[in-house]
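Here is the structure we will look at, set down as structure tokens.
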Amino acid sequence: MVCKLSTKLMNICVASFCKLQQLEKAESIIIDAIRLGTLPDVVTYNTLVSAYCHFVDLDSGYLILNRMKEAKIHPNVITYNSLLSGASKHSLHSKCIELFNEMGTMGIQPDVWSYNILIQCYFRLGKPEEANMIFHSFKSQNLSPCSTTFNTMFNGFFKTGYTHHALSLFRSSQRNGIFTPELLTYNILINGLCKSGWIRAARMILKELKESGFKPNAITYTTIMKHCFKSRKFQEGIEVFNEMKNNGYTYDAFSYSTLSSAFAKKGRLEEAYRIFKLMTEKGIEKDLVSYNILVNMYCIEGKIDKANDLLSEIQEFGLQCDQYTHTTFLDGLCRSGEIDRALDYLKYMDTLGFDSNLVAYNCMVDRLCKVGCSNDALRIFERMEVKDCITYTSMVHNLCKERKFLTASKVLLACLNRGMKVLRGTQRVVVKGLHSLGLYSEARKVQYLFH
DNA sequence: TTAGGGTTAG
């Protein structure tokens, strides 16, 4: 005798397979259930939309939405939140806004979750003002921001350089009693403040974290340790690592990678290798970032063949080399003076389909100059469609070193006219150089754009 | 749906 499957039981089975990323099995459960006379409902379809958006892509989520409409089941706010989340996860920010507006035309009222994703989306698009407007529209929508809303606002403000806004929103929400900070909030604030250079404020927040009865976690420690290394307080960074270790927070590759990379940057390679050895002895597996640091260490030592072997090993371990791996290796080739090989590698990287190889190109331009091939560097520089402050600073700086001040000033003027800046010191060197060659009118042009 | 580690200029 064949029993009819209840909708609730079917949905539990579908959700379990979706969680395990076994989407085909989830679909086959639905087919079997239909054969037995049980039809999927809005919960079944929402589970599928969410899984396809999360594990496959947004288009697959859309296909489920269409199937849902064909089955005459109306999508609800949860359906759209899954699609919004899928668009956000795959960095399709404009699509996210489109979907949000589509909710309106479908007569679906967005909830706090929908607004949170929309806020995140505007921050990622570099539009903090818009994000802030949405945040302030909550009241008129009869919605109350939740802790994720606040955390997203703080983090977004920091990421877009609105440090003051982040801190004042934090203080005002505390004063008004509309928000109680969580450990996550404190970590967002400490990270943002450290990165903005607001060290005193960061210390104060760390103090408040402890006074609120929270204990710093692995993320708090890694954030502070990273900041110490960045601000050249090396010993203090090591002390943070030790404290972290004593409190049992060095259980993953994050802490070891941070410390090892800091040693490598200081040229203390033996200690950097020792940290990785310690990590392996603890039974912690290296992830791609750890391997990338190791590739960099071999490159710093000039062991380019060893680095190349490691690239193959990474793939053998089932990991996929990323932009960082390839850029680090490319930089190693340049550092070892293997320019032709590096130029071939750069072409190879172009075929890998990364979003941008800007860092790799910057690296190539700088290293070519350093090995005395500034004309080759200039050719690459002129071919580059996207350039940033680093590209210009590197080119101008190296041309000045070769006393090619007129060429340097042309590059600098192009940079300033595009609204980008190079270090003030570099600009001064150009002006001084032009004066030394008697090129006073060219020097005036640069000085005019100085301010 | 929100936080931490890796590459390039000075």
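Note that this is a predicted model, so its numbers are computed, not measured. All chains are named by letter (A, B, ...) in the order of the sequence lines, taking the proteins before the strands, and each is independently numbered beginning at 1.
Aromatic stacking is marked for A/Phe254 over B/dG4, as both cut-offs hold: 5.5 Å for the centres and 30° for the planes.
Taking a 4.0 Å limit (strictly below) on heavy-atom distances, residues 255-279 of chain A reaches DNA chain B at A/Ser257, A/Thr258, A/Ser261, A/Lys265. Using a 4.0 Å cutoff on non-hydrogen atoms, the parts of residues 361-377 of chain A near DNA chain B are A/Asn362, A/Asp366, A/Lys370, ordered by number. Looking at residues 96-116 of chain A, you'll see A/Trp113, A/Asn116 sit with a heavy atom under 4.0 Å from some atom of DNA chain B. Of the residues in residues 188-198 of chain A, those lying under 4.0 Å from DNA chain B by heavy-atom distance are A/Ile188, A/Asn191, A/Lys195.
Residue-level contact check: A/Asn81 touches neither bases nor backbone, having no heavy atom under 4.0 Å from any strand. Across all strands, A/Asp388 comes closer than 4.0 Å to no nucleic acid atom at all (heavy-atom distances). Across all strands, A/Ala360 comes closer than 4.0 Å to no nucleic acid atom at all (heavy-atom distances). Contact annotation for A/Thr148: base contact, defined as any heavy-atom pair under 4.0 Å involving a base atom.
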Using a 3.5 Å cut-off and no angle test, enumerate the donor-acceptor pairs between side-chain atoms of residues 303-313 of chain A and protein atoms at least two apart in sequence or in another chain.
from, atom 1, to, atom 2, distance (Å)
A/Lys303, NZ, A/Glu301, OE1, 3.3

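Every pair passing side chain to side chain donor-acceptor pair (under 3.5 Å) that includes a residue from residues 183-202 of chain A is listed here, sequence neighbours excluded: A/Asn151-A/Thr185, A/Thr163-A/Ser196, A/Tyr186-A/Ser212, A/Asn187-A/Asn217, A/Asn187-A/Thr220. The list of side chain to side chain donor-acceptor pair (under 3.5 Å) pairs with a residue in residues 251-265 of chain A, not counting sequence neighbours, reads A/Ser257-A/Ser290. For the side chain to side chain donor-acceptor pair (under 3.5 Å) condition, the pairs that include at least one residue of residues 403-416 of chain A, sequence neighbours left out, are A/Ser374-A/Lys404, A/Glu402-A/Lys404, A/Ser409-A/Glu442.
Out of B/dT2, B/dG5, B/dT7, the shortest distance to the side chain of A/Asp287 is found at B/dG5. Nearest to the side chain of A/Ile117, among B/dT1, B/dG10, B/dT7, sits B/dT1. For A/Ile219, the listed nucleotide lying nearest its side chain is B/dA3; candidates were B/dG10, B/dA3, B/dG5. Residue A/Leu184 places its side chain closer to B/dT2 than to any other of B/dT2, B/dG5, B/dG4. Listed nucleotides: B/dT8, B/dA9, B/dG5. Nearest to the side chain of A/Ser394: B/dA9. Proximity note for A/Ile390 (side chain, C-beta onward) versus B/dT7, B/dT8, B/dG5: the nearest is B/dT8.
Atom NZ of A/Lys230 is separated from atom P of B/dG5 by 9 Å (rounded to the nearest Å). To the nearest angstrom, P of B/dG4 lies 16 Å from CG of A/Leu206. The distance from atom CG of A/Leu346 to atom P of B/dT8 is 16 Å, rounded to the nearest whole Å. Regarding A/Asn398, its CG atom lies at a distance of 6 Å from the P atom of B/dG10, rounded to whole Å. Between the CD atom of A/Gln323 and the P atom of B/dT8 there is a distance of 14 Å, rounded to whole Å. Across the protein-nucleic acid pair, A/Phe381 atom CZ and B/dT8 atom C1' stand 14 Å apart, rounded to whole Å. The separation between A/Leu399 atom CG and B/dG10 atom P is 13 Å, rounded to whole Å. Taking atom CG of residue A/Asp331 and atom P of nucleotide B/dA9, one finds them 7 Å apart after rounding to whole Å.
For A/His397, no side-chain nitrogen or oxygen approaches OP1 or OP2 of B/dA9 to under 4.0 Å.
Ring centroids of A/Phe317 and A/Tyr291 are separated by less than 6.0 Å, placing the two rings close together. In this structure, A/Phe263 has its ring center no closer than 6.0 Å to that of A/Phe229.
A/Glu281 pairs by the salt bridge (Lys or Arg N to Asp or Glu O under 4.0 Å) definition with A/Lys277, not counting sequence neighbours. Scanning for side-chain hydrogen bond (donor to acceptor under 3.5 Å, both in side chains) contacts around A/Glu385 gives an empty result, with sequence neighbours left out. For the ring pair (Phe, Tyr, Trp, His ring centres under 6.0 Å) test, residues two or more places apart in sequence or in another chain that qualify with A/Phe135 are A/Phe150. Residues satisfying the side-chain hydrogen bond (donor to acceptor under 3.5 Å, both in side chains) test with A/Asn11, not counting sequence neighbours, are A/Asp41, A/Thr44.
A/Leu330 and A/Ala342 make their closest contact through CD1-O, 3.2 Å (heavy atoms, listed as atom of the first residue, atom of the second, distance).
Seen from the ring of A/Phe381, A/Lys387 counts as a face-on cation partner, given the 6.0 Å and 45° thresholds.
Here A/His227 contributes atom NE2 and A/Cys194 contributes atom SG; the two are 4.5 Å apart, rounded to the nearest 0.5 Å. Atom CG in A/Leu84 sits 9.5 Å away from atom CD in A/Glu102 (nearest 0.5 Å).
Residue A/His165 is tested with A/Phe158, A/Phe170, A/Phe157 for a ring-ring contact (aromatic ring centres under 6.0 Å, His included); the sole match is A/Phe157.
On a pure distance criterion of 3.5 Å, no polar donor-acceptor pair joins the side chain of A/Asn217 and the base of B/dG4.
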